[in-house]
Amino acid sequence: MNGPVAKSSTPQTTPDDDVQDDGFEHERAYVEMLYQQLDSRRADTARRLQSVLQDETVGTPQALTERDAAAAMYADRLAALRAAEHGLVFGRLDTEEGERRYIGRLGLLDEDNEYEPLLMDWRAPAARPFYTATAASPEGIRRRRHLRTRRRELIGIDDEVLDIDDPAAANASRSGLTSEAALLAAVNASRTGRMSDIVATIQAEQDAIIRSKPSGVLVVQGGPGTGKTAVALHRAAYLLYTHRDRLARRGVLVVGPNPTFLRYIGQVLPSLGETSVVLGTIGQLFPNLDARRQEPVEVAEVKGRIDMAAVIAAAVRDRQQVPRKPIRLVIDQQEVRLDRDVIGAARTRARRSRKPHNEARRIFRKEAIRLLAEQVARSISDAAGARGLLDSTDLAEIREELEESEELSRALDELWPTLSPQELLIDLFADEKRLNSVARRLPPEDRRKLLRERPAPDADPSTVWSPADVPLLDEAAELLGDDGSEAAAREAEALREEISYAQGVLDVLDLEEDLDPELLRATDVIDADRLAERQAMRRWESTAERAAADREWTYGHVIVDEAQELSPMAWRLIMRRCPTRSMTIVGDIAQTGDLAGSSSWQDALGPYVANRWRLEQLTVNYRTPAEIAAVADDVLAVINPDLKPPRSVRSTGVPPRAVAAEPATIDDTVAKVVMEESAEIGDGRTAVLAPIARVDALRERIGAPATDPTGEVDLEEPVVVLPISAAKGLEFDAVVLVEPAEILADSPRGANDLYVALTRATQRLAVVHAQALPGMLRRLEPAG
């Protein structure tokens, strides 16, 4: 494979005739100095935060706000300094003018020497050549040096001299890769169960996307292993660095396909010094709900259709009733009659306001009482035989009496009830008659799929609602408006978290190892209860915390990973979160497995931005070895012959294999193959990917852990068993794929699922089958 050849070996470099070389010892001393600077900054920031928290001065509201802002600033800075501990510095650029720029996770300035830069943040414009300079286009750079560290120790140096006359550099220019030695070391390393950042090995095509302008909708299309997820996360970090003033106020939302995936990527942004981004699945984008109920894929497909928006709207209107027969009440010895004329007029007035249901209810109630007061006044006048007997004061008194009537209130509440989104959907899905009435646009068989029993009042919400329900809840919330429960829930949650938050602040300060032992610690002067009391008065929350708790929050930028899986209803939810349409959409249409997912980006985005979106392609596969990619490419050709597969940058020399098994003993065969593959990869991670009906039995046979109480699988285990739907976006050293014929038969998009499963491995792939292998897997070599 063509690519740059390291000019140096570990631990010493070989000086180039045209480039000043500082040697391994110099670099080791520089790395030590940078960590000393990091320790100093951490200790100073911790002292400043401690001082702010210890300040007992009672001032004006403005002073308290300023103090909170200072505490937030120091807390964020301290978190970023801690996050930079591993891999603080990873590169150096030598310019043609003799300047040296050290590149790292954050910027450090020499405070004793006119604030000269000691370390440049990887996101700074001057650091960009570290990712983009080539021999053909050196951008003023003569040498790029990679510094490899383990904890705080420098363990090696790799140099690239950007000289077009150098054969290795010329090969690098032709391959389109930069820093190939460091790149291959990263992609060949064993997986850990957690995604690592790629800040030291970002490639030019990835860098262009990461640094592109934030406005508008950017779609990043890329096949398996092209680094789509890493690009999306590093783009979030870059945007927060370059547009912090704007994004700090509104925040950044990153949406992933499932909770296991979010746990997998959870350390990437903190490792880049960004802790204020909101990460969530579609099932977590409704306040105080983490929807995890499992339901058949065909049911989720119906819920994901755009027709459901009209169904929810009809369900809301259905709850705004007029009585079929007049409702007669006696209030203060006067009969009132709630008939179709009175209630119909009040309903029309309320609907014409175009306010959400719960807010329009006040208009309905006020108008109904006004009309009933006039009805009572006419009745009194008629009984007295004199028109106009009552004046405006009398009418006001009648209205007041009607407003105080509990019996009338109950009657009006039944005709136009206050509803929560949960109540609306529970009532709708539990009532076949009501569902048939409001969902006429759905075929009868699809309406039956939506029916379900009413859950117990004390049921865990996470087991009541599925991820496909959340866009419906959000749609209902838009139409219903606030019923008062959302604000109350936020207040209750804030109160519950005060003590926990306060104790966490104190723990952070006491764990700061570099504080001067002679200084008072925070816990010496204030305890958690007292700090919580002060916090309760101020109610300070970060942007991310406030955004996550507020359904109506609109973000400065939204990033959606595995976006091809979003249903039309999910897209409506996402678009509400970002009215400015500043979005990064990341995915691969060929990997769409959800029946409600997208078949084209134009179909998904057209209803919201027409054709005003731009497309970028990732074309290089860093994850999948060429031997495995060749098998997967045949499946891609079946899915869509027009799609061009990404180019693999490496090969392992290990072809994927097919292992035949007897139907009765296939689980035993899988267990044997898992042992063989795990032995080959050593400390790496092995995944068994199987049809969902086989997952539980395979977990028991192999001894792999099942899900934890939250429904997630611990990806740090040596061996995990997953359905393919839970493997999207993940990668493993070895993959054992079980019964591909069943995978194809399980879903109309079975070929897409098979393609996903085949492209999760970074080193080895084995396919265990009892049924005949599908023809699209003809390249698989039978096991010897």
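Numbering starts at 1 and runs along the sequence shown.
Side-chain contact between Val654 and Pro625 is absent, with no heavy atoms from C-beta onward closer than 4.5 Å.
To the nearest 0.5 Å, the span separating CE on Met33 from CG on Leu38 amounts to 12.0 Å. With rounding to the nearest 0.5 Å, the separation of CZ in Arg148 from CZ in Phe90 is 15.0 Å. The CD atom of Glu616 sits 12.5 Å away from atom CD of Gln206, with the distance rounded to the nearest 0.5 Å. Considering OG1 of Thr242 and CG of Leu247, their distance stands at 7.5 Å, rounded to 0.5 Å. Annotation: the span from Leu765 atom CG to Thr624 atom OG1 amounts to 10.0 Å, rounded to 0.5 Å. Rounded to the nearest 0.5 Å, atoms OG (Ser190) and CD1 (Ile681) are 7.0 Å apart.
Between Glu27 and Arg92, at least one side-chain N (NZ, or NE/NH1/NH2) sits under 4.0 Å from a carboxylate O, which counts as a salt bridge. A salt bridge links Arg152 with Glu85: the distance from a Lys NZ or Arg NE/NH1/NH2 to an Asp or Glu carboxylate oxygen falls below 4.0 Å. Under 4.0 Å is where a charged nitrogen must lie from a carboxylate oxygen, and between Arg105 and Asp197 at least one such pair does. Salt-bridge formation is detected for the pair Arg143/Asp159: a Lys NZ or Arg NE/NH1/NH2 atom is positioned less than 4.0 Å from an Asp or Glu carboxylate oxygen. By the 4.0 Å N-to-carboxylate-O rule, Glu139 lies too far from Arg128 to be salt-bridged with it.
Remark: Glu96 pairs with no residue by the side-chain hydrogen bond (donor to acceptor under 3.5 Å, both in side chains) rule, at least two apart or across chains. For the salt bridge (charged side-chain N to carboxylate O under 4.0 Å, His left out) test, no residue two or more places apart in sequence or in another chain qualifies with Arg760. For the side chain to side chain contact (heavy atoms under 4.5 Å, CB included) test, residues two or more places apart in sequence or in another chain that qualify with Ala547 are Val278, Trp553, Tyr555. Arg123 meets the side-chain hydrogen bond (donor to acceptor under 3.5 Å, both in side chains) test with Asp121, Glu274; sequence neighbours excluded. For Thr584, the side-chain hydrogen bond (donor to acceptor under 3.5 Å, both in side chains) partners are Arg235, His557, not counting sequence neighbours. Residues passing the salt bridge (charged side-chain N to carboxylate O under 4.0 Å, His left out) test with Glu111 are Arg41, sequence neighbours excluded. Remark: Lys728 pairs with Glu565, Asp753 by the salt bridge (charged side-chain N to carboxylate O under 4.0 Å, His left out) rule, at least two apart or across chains. Legend: residues meeting side chain to side chain contact (heavy atoms under 4.5 Å, CB included) with Glu716, ordered by chain and number and at least two apart, are Arg194, Asp714. For Ala80, the side chain to side chain contact (heavy atoms under 4.5 Å, CB included) test picks out no residue, with sequence neighbours left out. In this structure Asp44 satisfies the side chain to side chain contact (heavy atoms under 4.5 Å, CB included) test together with Arg48, sequence neighbours excluded. Remark: Ser196 engages no residue in a side-chain hydrogen bond (donor to acceptor under 3.5 Å, both in side chains) (not counting sequence neighbours).
Listed for the Tyr131 side chain is a donor-acceptor partner under 3.5 Å among the backbone atoms of Val199. Without hydrogens or angle criteria, Ser137 side chain to Thr134 main chain gives no donor-acceptor distance under 3.5 Å. Distance alone, capped at 3.5 Å, is enough to place a donor-acceptor pair between the Thr281 side chain and the Gly283 backbone. Side-chain atoms of Arg764 do not come within 3.5 Å of backbone N or O of Glu677 as any donor-acceptor pair. No donor-acceptor pair closer than 3.5 Å links the side chain of Arg142 to the backbone N or O of Gly98. Put simply, the side chain of Ser40 never gets that close to the backbone of Gln37: no donor and acceptor are under 3.5 Å apart. Listed for the Lys228 side chain is a donor-acceptor partner under 3.5 Å among the backbone atoms of Gly222. Judged by distance alone, the side chain of Arg244 and the main-chain N or O of Leu240 form a donor-acceptor pair under 3.5 Å. The backbone N or O of Arg42 sits nowhere less than 3.5 Å from a side-chain atom of Thr45 that would complete a donor-acceptor pair.
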Handout entry: Leu269 vs Leu279, side chain to side chain contact (heavy atoms under 4.5 Å, CB included): CA-CA, chis, key distance, verdict
Key = CA-CA 10 Å; Leu269 283 167; Leu279 276 73; 4.1 Å; yes

Exercise for the section: Run the numbers on Val187 and Arg623 for side chain to side chain contact (heavy atoms under 4.5 Å, CB included), then give the verdict. Expected result: CA-CA 6 Å; Val187 297; Arg623 175 203 301 148; over 6 Å; no

Practice task
Would you check, one step at a time, whether the test side chain to side chain contact (heavy atoms under 4.5 Å, CB included) holds for Arg47 with Leu49?
Solution key: CA-CA 5 Å; Arg47 290 189 188 96; Leu49 176 58; over 6 Å; no

Handout entry: Ile265 and Leu233: CA distance, side-chain angles, deciding distance, side chain to side chain contact (heavy atoms under 4.5 Å, CB included) verdict
Key = CA-CA 9 Å; Ile265 68 171; Leu233 296 174; 3.9 Å; yes

Handout entry: Test salt bridge (Lys or Arg N to Asp or Glu O under 4.0 Å) applied to Arg28 and Glu25, step by step
Key = CA-CA 5 Å; Arg28 182 164 63 182; Glu25 292 303 323; 2.4 Å; yes

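Nearest heavy atom pair, residue Val52 against residue Ala71, reads CG1-CB, 3.8 Å. Closest approach of Gly556 to Arg246, counting heavy atoms only: O-NH1, 3.4 Å. Considering every non-hydrogen atom in both Phe130 and Gly91, the closest pair reads CE1-CA, 3.6 Å. In terms of heavy-atom proximity, Pro257 sits nearest to Glu562 at CG-CG, 3.7 Å. Among all heavy-atom pairs drawn from Pro270 and Ala83, the shortest one is O-CB, 2.5 Å.
Counted by atom type alone, Asp733 and Gln763 present zero donor-acceptor pairs between their side chains at under 3.5 Å. Counting only N and O atoms by type, the side chains of Thr686 and Ser678 include a donor and acceptor under 3.5 Å apart. With 3.5 Å as the limit, one finds a donor-acceptor pair spanning the side chains of Glu205 and Thr619.
Residue pairs meeting the salt bridge (Lys or Arg N to Asp or Glu O under 4.0 Å) criterion with at least one partner in residues 183-192, sequence neighbours excluded, are Arg191-Glu731.
Between His243 and Tyr238, the ring center distance fails the sub-6.0 Å criterion.
Classification of the Tyr102-Tyr30 ring pair by plane angle, with boundaries at 30° and 60°, yields parallel.
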